[in-house]
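In what follows, a single structure is set out as structure tokens and then discussed.
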Amino acid sequence: MKRSHYLLIGLLFLLFDGCRKTYEAVVPYAFTNTPGSGQFVPPIRQALEGVYTISNGASQFGDQAVLKWTYLLNGSDTTHYLSIFMGTDATYFNLEGSPEADSLVLKGYWRKLVNESIGEARLIVREKHNGKLQLFKGSLIPGDTLVVDGLYGDKSATPTNPLTLTYNRPLNPKPFSIMAHRSGGRTSDLLPASENSVEIIKLASRLGATGIEVDVRFTKDGVPVLYHDNTLNLRLIQKSGLAGPLEDYTYQQLSTLVRLINGEKIPTLEEALETVVNNTSLDFVWLDTKYIGPMDKVQAIQQKYRQKALALGRNLRIIIGLPTTEAVDSYKALANKDNTPILCELDTSITRSLNARIWAPRWTLGPQTDEVLAMQAEGLTVFVWTLDEPEFIREFISQNHFNGILSNYSPVVAYYHYIEQQ
Amino acid sequence: MRNIVTKICRWVGLLVVVPSFAQTQATETWPIQPGIYFPEAPLPGKWRKAVGVVFTTTPPELTEEIRVSVPAIDFNVQRGLTKHLFLTSRFQTQFVQSNLGLGVRWATPLTNRLFLSAGYDVTGWLGALQIKDVFASQAYGVETFPNVSVGYKLTKDLRLTVKSEAIIDLYYRSQVGSLAVVYNRRTINGVAFTFILEQPFYHQRHVSVGIRAAYSNFNWQLWSLFDTFDRNLFYPQLIFDFIL
């Protein structure tokens, strides 16, 4: 080739590289994380939960919204948050009560998980009495309606767009497990915390989750930690100079040298479960077996934190997931495995042969209604994984057979579950 | 859209101007050379055919740590209708998923070296995965590709083509087990730019070698990943075709 051809190729490469854009969603609001509920006392929080009709803002967020309170524990302190889930583009709001206000003010941000849309939100709770809006004082008389309205903005801009939510009906009360994949969601969905971090476990319930799935691997010196991929790579960690399988490094090396994308440490399994037990209201943890080898350490940790949860009066289920025949063999090799709860992702016959209490098929196999009903008739719980496509989430929930869905899009699962009318 | 057009014009200008510095403008008209991408119509009633392989590399957003270069067999057939107008058809398959495109193209020389064409292709794609305990899924859809190509004869037997396409989705349907989801809204899915060199290879055979850079919200070859990103991802493709 002539020199001009090399020059041409070089220029084209520069053009391609120059077109690459940064993809990010920076949270535009700093939470105060103030313990307590401020003006939002329990009866007000309880009254606020429900399915709302969206009037102003429907073109951006759809025509319905789900309002749900969650909380974080820190010792004897409890911090409350209001989440809003909407039916368009996997939208969620994460809000806190404004402590200094003398009215019911909520501040926070909204986000669409399918893209980088994000913005600040400032809302106020009112009641419509005799057709007029007035501040909500905590109790409604028949004929009055709750209205949550205010403004939302785009990115870091001051909120100027109107949003009005009007109470319609209570949330669907049917028990249903909404499990967040990778401890809360994917790093690639630009959540404010990295997947499989302690920080995202604390965020999971605000994303709609009632439980989480975590990925368990072992360090070189045998410490179980949370990490999804087969290698240390820039998809999940900041530049560190370390590469290759996580299993090649000691816990000390990982703890000292490696940080997840958003700056967090790779947590140990014990740190993760400590967080679930002490800080969250999550009721289910699915330990996905990403390692090949003995399962006794994970079994011991599962039993230890199950007991810790029971001591705190919580019925927290911590289940070991068996996704492969290797994991099944490791489980079979355990001593005293009868009291170790497991979830089997393989077919129904293997699930039955293991006496697993939970069967979890892939969603790409479809609803499998006959098999699901047969397993449930035998007393098993049936979850489906890892279902992210919003329209299929809606279809699976409307079919009403599964006991829960594992998803990277727990806000979407929460939305379609809570709006379902029995 | 204006940005895209501006970028295309810049690129085309660059491609035309840079080689011109190194080459003296030839005065004779060179004969039609076998080519599939070069914007020059086959003679009326004549066929052009090519067979080859297209490798599509999966975007990291979808396959995360795994980067797979998925090969598809690629058949191209063209037939001249008039001096400027010709039909195109293209079939790509990986056996579990296939894509058939039909189109029409109008081409004209601008100078004895610089050629231009405009075309419109409609493709239908189909995928089906039946793997025990993993997939019971299938999907199909329709896309269209309005396209413009600029070709430049670098030497007597080396031709460079730059093709730009808009990718427009017309219909998408996927099914898992008995549940189906359909999207039939017309949306611009993305754009693609193809850079192809066509030249003699051996025994009077010619080849097309190049890259296609697609920035799109959906790529038919990766339908089974059911991606949820509402943004254009980069799908680089390597193209190698023997012109028959």
Is it the side chain or the backbone of R186(A) that comes within 4.5 Å of chain B heavy atoms, both, or neither? side chain
Nearest heavy-atom contact between P367(A) and S178(B) is CG-OG, 3.4 Å
Does the salt bridge (Lys or Arg N to Asp or Glu O under 4.0 Å) test come out yes or no for R235(A) and E64(B), once each step is laid out? CA-CA 7 Å; R235(A) 188 186 82 78; E64(B) 301 191 332; 3.3 Å; yes
Below 4.5 Å from any heavy atom of chain B, which atoms of Y409(A) appear? Answer side chain, backbone, both or neither. side chain
Distance col, row T228(B):OG1 vs F392(A):CZ, nearest 0.5 angstrom, shows 13.5 Å
I'd like to know which of I66(B), L179(B), L129(B) tops the heavy-atom pair count under 4.5 Å against chain A. L179(B)
Strictly distance-based, threshold 3.5 Å: is any side-chain N or O of E395(A) a donor or acceptor partner for the main-chain N or O of V181(B)? no
Mind checking the CG-CD spacing from L225(B) to E389(A)? Nearest 0.5 Å is all I need. 12.5 Å
Main-chain N/O of E61(B) paired with S188(A) side-chain donor or acceptor, under 3.5 Å: no
Count the heavy atoms belonging to other residues, nucleotides or ligands that lie under 6.0 Å from CZ of R67(B), then report whether that count exceeds 12. yes
Largest heavy-atom contact set with chain B, pairs under 4.5 Å, which of N115(A), V114(A), L365(A): L365(A)
Can you tell which part of N230(A) gets under 4.5 Å to a heavy atom of chain B, answering side chain, backbone, both or neither? both
Quick check: do K132(B) and D347(A) have side-chain heavy atoms less than 4.5 Å from each other? yes
Part of E345(A) lying under 4.5 Å from any heavy atom of chain B: neither
With a sphere of 6.0 Å drawn around CD1 of I131(B), does it hold more than 12 non-hydrogen atoms of other residues, nucleotides or ligands? yes
Could you give the distance from CZ (F229(B)) to CG (D388(A)), rounded to the nearest 0.5 Å? 9.0 Å
